[in-house]
Amino acid sequence: QVQLVESGGGLVQPGGSLRLSCAASGFTFSSYAMTWYRQAPGKERELVASISSAGTSTNYAESVKGRFTISRDNAKNTAYLQMNSLKPEDTAVYYCKAHRGGLVPRDYWGQGTQVTVSS
């Protein structure tokens with residue numbers, strides 16, 4: 001059974017840090033690119049950061065560049081999002097997605113974890 005389970009969300013003050021984890025099971029994690037998305041109330045889901053299957057290539061939304069770092073550990077089947085210098089506008093539900101392209105593309109989504117940045 002395919003599962004993506006996010007964890008690490010919570011309430012943090014502006015300027016603080018959080019590290020999100022996305023634990024994968026039920027598929028070949030190392031064959032999938034991983035992406036973190038977020039969705040704030042009343043807004044569309046947006047891409048935050050992505051990382052290639054081998055971890056050699058990353059991309060970030062302009063709004064988080066220099067503050068967030070995406071990484072992965074294929075031995076642990078886990079992707080991470082290190083979030084520093086958090087701002088109130090980072091408040092959202094954060095989701096991870098596993099993506100495989102090719103002849104039979106596949107997307108798997110996690111259930112999301114809430115991040116609230118507030119004093």
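Just so it is clear, the values below take in all heavy atoms, side chains as well, and ignore hydrogens, waters and symmetry mates.
Side-chain contact check for R38 versus V64: some heavy-atom pair is nearer than 4.5 Å. Between L11 and S118, the closest side-chain pair of non-hydrogen atoms falls below 4.5 Å. In this structure, F68 and L18 have side chains that are not in contact, with every pair of non-hydrogen atoms separated by 4.5 Å or more. When side chains are defined from C-beta on, L47 does not count as touching N59, because their heavy atoms never get closer than 4.5 Å.
Applying the ring pair (Phe, Tyr, Trp, His ring centres under 6.0 Å) rule to pairs touching residues 88-119 yields F27-Y108, Y32-Y108, Y37-W109, sequence neighbours excluded. Within the structure, salt bridge (Lys or Arg N to Asp or Glu O under 4.0 Å) pairs that include any residue of residues 60-70 comprise E62-K65, R67-D90 (at least two apart or interchain).
When all heavy atoms are compared, the tightest approach of A92 to A40 is CB-N, 3.8 Å. Considering every non-hydrogen atom in both S21 and T78, the closest pair reads CB-CG2, 4.2 Å. What you find for N74 and A54 is that their closest heavy atoms are ND2-CA, 4.4 Å. Y60 and I70 get closest at one heavy-atom pair: OH-N, 2.9 Å. Counting all heavy atoms, side chain and backbone alike, K87 lies closest to V117 at O-CB, 3.2 Å. Contact between S53 and S31 at its shortest, heavy atoms only, is CB-C, 3.9 Å.
Atom CD of E89 sits in a crowded spot, with more than 12 heavy atoms from other residues, nucleotides or ligands closer than 6.0 Å.
Distance alone, capped at 3.5 Å, is enough to place a donor-acceptor pair between the E6 side chain and the G112 backbone. Counting only distance, with no hydrogens or angles, the side chain of R72 and the backbone of S52 share a donor-acceptor pair below 3.5 Å.
Note that CZ of R106 and OG1 of T28 are 12.0 Å apart. Values are rounded to the nearest 0.5 Å. The line from CE of M34 to CG of N77 is 10.0 Å long, rounded to the nearest 0.5 Å. Between D73 atom CG and S30 atom OG the span is 11.5 Å, to the nearest 0.5 Å. Remark: T69 OG1 to M83 CE distance equals 11.0 Å, nearest 0.5 Å. With values rounded to the nearest 0.5 angstrom, Q39 atom CD is found 9.5 Å from E46 atom CD.
The same ILVMFWY cluster, assembled from side-chain heavy atoms under 4.5 Å apart, contains both V2 and W36.
As a member of the Ile/Leu/Val/Met/Phe/Trp/Tyr network built from side-chain separations under 4.5 Å, Y80 groups with nothing else and remains a singleton. In the hydrophobic clustering, V104 connects to L103, either directly or through intervening members, whenever side-chain heavy atoms lie under 4.5 Å apart.
T116 pairs by the side-chain hydrogen bond (donor to acceptor under 3.5 Å, both in side chains) definition with Q114, not counting sequence neighbours. In this view, F29 satisfies the ring pair (Phe, Tyr, Trp, His ring centres under 6.0 Å) rule with no residue, not counting sequence neighbours.
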